[in-house]
Each structure stands twice: as structure tokens, then as C-alpha cells.
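Nothing here was measured: the structure is a model prediction, and the numbers come from that model. Letters A, B, ... are given to chains in the order of the sequence lines, protein chains preceding strands, and every chain is numbered from 1.
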There are 2 protein chains.
Amino acid sequence: MCRGGGMKTHRNSVIRLVQYKNILKKFESMGFLKIFSNNLADATGASAAQVRKDFSIFSIEGNKKGGYLVKELILKIEDILGKDKAHKVIVVGAGHIGMALLNYKGFEKEKIKIMAAFDVDPSKYGEVLGIPIFSIDRLPEFVRRHNIKLGISAVPDISAQQTIDIMVSAGIKGILNFAPTQVKGKNETIINNVDVVLELEKVIYYVKTR
Amino acid sequence: MCRGGGMKTHRNSVIRLVQYKNILKKFESMGFLKIFSNNLADATGASAAQVRKDFSIFSIEGNKKGGYLVKELILKIEDILGKDKAHKVIVVGAGHIGMALLNYKGFEKEKIKIMAAFDVDPSKYGEVLGIPIFSIDRLPEFVRRHNIKLGISAVPDISAQQTIDIMVSAGIKGILNFAPTQVKGKNETIINNVDVVLELEKVIYYVKTR
DNA sequence: TAGATTGTTAATCGATTAACAATC
DNA sequence: TAGATTGTTAATCGATTAACAATC
């Protein structure tokens, strides 16, 4: 993850916060009302002290004896993660990865809405599950009109930097990038890289040295 | 990343090692013969001291004055990462993510070969780019016959744990898991989770707090 | 040689954990 | 109350960086 400006990040705490939230939703659907730091620790693999420390960092308070109320805790974490309102996202690149994203069911329950996809290839234009696929030329206008701040780049390696540039100048502030290229955003753009080959190479290393 | 047994990991060093290797291949293709810790630092965003420290951890030596020979360095890193020989992988789940993986061009140049895919849905059986798609019933026999140690799980959330179990009992030692579920492998299995929604939620958080 | 770069040690920084007082 | 849990402080652990002797 690259960020432009400086800021105290608590990178790992944020990741764990997402995990706590996911576990909590399961607990909620199972009818649990209260939860203790120990339960969250067991479910996520963190220590109980870590759970409480994370909460402390984000000023989440529980009850000295009775742990945390599940529903309340979910709301607080979602608030911190910016999940209080829906998030509009565009996808650039309607190849196999892009299509997998358009068809992916996991975004909706996290209030993430893919508004449109964009591609250079006219044969891709159309609609998938109600999501329109446009020419990339229409990206800047679309992004501005809908006031979209988030984008996912799923284009080939070679087009990655150019795509990032287009997104950033259109006003996109945060990008999830699937191209295995070192891309650079201007100043304050958040870029998070997902590199499947790298992730598999980590597995190979650990299997080898196990 | 979850591992069963204990072991000094240098988790971040391994990730950087992969990044150095990728940069080095670019340098190589540009005709460079030598490289200095400073060059690698600039290209990857690490510090020069970090680069040399990483090399020191893995006993990679350079020349006191003349930096490192690019070709030699690539070979040494590939050796550490276990890239000295090709790696056979299976993909379980031939939905959109599975299909994106089968069509992905990035594995080949890292000597990663997808040997087959498996699915429960007979309508998926067939072949994609020469990669056969079989019934999941044939997985154990196939894995044993080809002595495959690596797998990628791209099945729906609900089937994730069951799929991991099948892979592990068939002899798979390392798994890249795309399901957003907390899965557990037995004892010594390496499991690395890729959760696209989580990665996007991180971006949302950092954009929000920027 | 003078200058530049490696390899390593010690210092710093940050993140995790242990411990415990405060509290219900 | 006694027991249990939170919230926070101090201790520990690990990773990064600064600095510099060794070397070419």
C-alpha cells in the first residue's frame, strides 16, 4: 500500500479491524448479543490483549465486566472503516479479472457498489448483471458526474501506469491495482497492489522451507 | 499467511525478495550487467540498508566495490524462492475467478504451471488454453499421480473449508485461498488468503482518513 | 591512492504482549 | 463480595535504519 502524504497508519490494526467485523457479523447472525475480547482473539488468531489494544487505538470502549455488545461494536467498526455509507467503485479492464469482479457477490454486503466498467475494446461494451461496460474515453465524465473516489484497475501489465494516470486525473483517490507493475499515483493517491503471482510465490517459499 | 509448525520466517524479507527479482528481470532485459543496493532501493521503495540486510539474511553476497551481477543475483534469489524448478499447481473452482486464473498469462514466466482445474459442475468440464477441467472427484488421484504440492482454491465461501480438506488429504502442502472465509489447514499446511473485499476496504479506510 | 560500495553492528523505531489496577 | 473483564502501562520482541569498518 502506497500513500502520498504522511500519517500514523496502524496498518495491521486496520486489517484486524476488518477481520473482527467479519467475525462479528457471523456472531450476530448466530444470535449472539455480547462478545469478549477473548472470543475475538480465538476467532481471528490475535491475542486478547491485541484485540483490546486495537479497540483502544480507535477509541472503541466496551463494558468493564460485560465485554462488548455485538451490534454496537459492528456499527462502531463500520464507522471507522468508512462503511457508514455505500461506496461507489469503477472497474477498469473488462478482461477475465474484470469480469470476475463484476460477477463477484462479495461486494454488495459490504455496501460496495460497482457503478460501471471501462475497456478499450468495443466488443466488450454492454452490460453484466446490470453493470454497464463503457469505452474508457467516457471514464472521466462518468467519474466526475457520479463523484466516484474509488477504482479497481484490472488491465494488462503494459497499460497499468496509463490507466492509473487516467483514473487519478479524473478524480479517483484510492485504487486497487491487479497489474503486477510498480505503478505510481500522484501525491495523495492511495494505491493498494494485489499480485496473485507474488502471493503464490510466497506459498512456494514457505512450502519449500517448511 | 498461516503456517503449522514454527520457523523463523522473515515474512517481509521474502516479499521484498520477490520484488527485487521482478525489478532485476527488468534491468536484465534492459541490458544491465551490474546493480547496486541503491538502485534496488530506489526501484522498490526500500532503503539501501534494507536491501543489503535482506541479502545478508539469505547469505547473498555481492562485490565490495562493484555491487551485484544482475544475472547471478536473479539466479540466487530464484534459488531461495524455490524457482530453480517448475512448480505444478491445480486450481479448484472453475467459476469466474478460476477462469481468470486459467487465462492469466503471468504464471508462465515464473515457471508456475497450472496442470488442471476441478469443479463440481459437469457443465464446466472441458479444456481452457490446454488446461483440462475435471470433476473434483478426480482431484486426489490426479494430485498423487502428478505429485502436486500446490493448489489454488477459488470456490464459493460455503465450500471453502471442504475444498481445503480435500486438497490437504490429497497431499497438497501449500494453498492460495480466494474465499473470504477463515479456513484451517491441518498441521503443516501453508495457507495464504487473498481477500479482494478486505483489500478494497483497506483502500476505503485510507482514502477516508487521508 | 581516493572514492565508493558492501556487510554488519549497534541504535532506533514500532508493534505485540504481559501484567495489573480499575471496575462492574 | 468474589470473580471476571476491560483499558492501559511497561516490558518485550522484532524489524528497520544509521553508521562505519572492511574492502576493492
Between protein and nucleotides 6-9 of chain C, what N or O pairs are separated by less than 3.5 Å?
{"from": "C/dT6", "atom 1": "OP1", "to": "B/Ser37", "atom 2": "N", "distance (Å)": "3.0"}
{"from": "C/dT6", "atom 1": "OP2", "to": "B/Ser37", "atom 2": "OG", "distance (Å)": "2.7"}
{"from": "C/dT6", "atom 1": "O4'", "to": "B/Lys64", "atom 2": "O", "distance (Å)": "3.2"}
{"from": "C/dG7", "atom 1": "OP1", "to": "B/Gly62", "atom 2": "N", "distance (Å)": "2.6"}
{"from": "C/dG7", "atom 1": "OP1", "to": "B/Gly62", "atom 2": "O", "distance (Å)": "3.3"}
{"from": "C/dG7", "atom 1": "OP2", "to": "B/Gly62", "atom 2": "N", "distance (Å)": "3.4"}
{"from": "C/dG7", "atom 1": "OP2", "to": "B/Tyr68", "atom 2": "OH", "distance (Å)": "2.9"}
{"from": "C/dG7", "atom 1": "N7", "to": "B/Arg52", "atom 2": "NE", "distance (Å)": "2.7"}
{"from": "C/dG7", "atom 1": "O6", "to": "B/Arg52", "atom 2": "NH2", "distance (Å)": "2.7"}
{"from": "C/dT8", "atom 1": "OP2", "to": "B/Ser56", "atom 2": "OG", "distance (Å)": "3.4"}

D/dT17 OP1/OP2 closer than 4.0 Å to side-chain N/O of B/Ser47:
yes
Ignoring backbone atoms, test whether A/Arg11 places a side-chain nitrogen or oxygen under 4.0 Å from the OP1 or OP2 oxygen of C/dA15.
no
B/Ile114 backbone acceptor or donor facing B/Lys88 side chain under 3.5 Å:
no
Does B/Leu40 offer a backbone N or O that forms a donor-acceptor pair with the side chain of B/Thr44 under 3.5 Å?
yes
Set of salt bridge (Lys or Arg N to Asp or Glu O under 4.0 Å) partners for A/Asp119, sequence neighbours left out:
none
Taking atom types as modelled, is there a side-chain donor on A/Tyr20 or A/Asp54 under 3.5 Å from an acceptor on the other?
yes
Given atom [atom1] of [X] and atom [atom2] of [N], what is their separation to the nearest angstrom?
| X | N | atom1 | atom2 | result |
| --- | --- | --- | --- | --- |
| A/Asn12 | D/dG14 | CG | P | 15 Å |
| B/Leu40 | C/dT5 | CG | C1' | 13 Å |
| B/Gln50 | C/dT12 | CD | C1' | 14 Å |
| A/Ile15 | C/dT16 | CD1 | C1' | 15 Å |
| B/Lys34 | D/dC24 | NZ | P | 14 Å |

What residues 73-82 of chain B contributes to the DNA chain D interface at heavy-atom separation below 4.0 Å is none
Show the nearest heavy-atom pair for residues B/Ile136 and B/Phe118, with the distance to one decimal.
CA-CB, 4.0 Å
Using 0.5 Å steps for rounding, measure from the NE2 atom of A/His87 to the CD1 atom of B/Ile204.
4.5 Å
Positive for side-chain contact (heavy atoms from CB on, under 4.5 Å) with B/Val89, one of B/Leu101, B/Ile152, B/Ile148, B/Leu176
B/Ile152
Distance-only donor-acceptor pairs under 3.5 Å for side chains of residues 154-174 of chain A, two or more places apart:
{"from": "A/Asp157", "atom 1": "OD1", "to": "A/Thr181", "atom 2": "OG1", "distance (Å)": "2.0"}
{"from": "A/Gln161", "atom 1": "OE1", "to": "A/Lys184", "atom 2": "N", "distance (Å)": "2.9"}
{"from": "A/Gln161", "atom 1": "NE2", "to": "A/Asp165", "atom 2": "OD1", "distance (Å)": "2.9"}
{"from": "A/Gln161", "atom 1": "NE2", "to": "A/Lys184", "atom 2": "O", "distance (Å)": "2.9"}
{"from": "A/Thr163", "atom 1": "OG1", "to": "A/Ser159", "atom 2": "O", "distance (Å)": "2.8"}
{"from": "A/Ser169", "atom 1": "OG", "to": "A/Asp165", "atom 2": "O", "distance (Å)": "2.6"}

Under 4.0 Å between a side-chain nitrogen and a carboxylate oxygen: does that hold for B/Lys25 and B/Glu110?
yes
Donor-acceptor pairs under 3.5 Å, side chain of residues 63-77 of chain A to any protein atom, not counting sequence neighbours: which ones?
{"from": "A/Asn63", "atom 1": "ND2", "to": "A/Gly67", "atom 2": "O", "distance (Å)": "3.2"}
{"from": "A/Lys71", "atom 1": "NZ", "to": "A/Glu28", "atom 2": "OE2", "distance (Å)": "3.3"}

Assert yes or no for the condition that the ring centre distance of A/Tyr104 to A/Phe107 is strictly below 6.0 Å.
yes
Toss me the dot-bracket line for DNA chain C: Watson-Crick and G-U wobble, both under 3.5 Å, 5' to 3', using | for pairs to another strand and [ ] for crossers.
..||||||||||||||||||||||
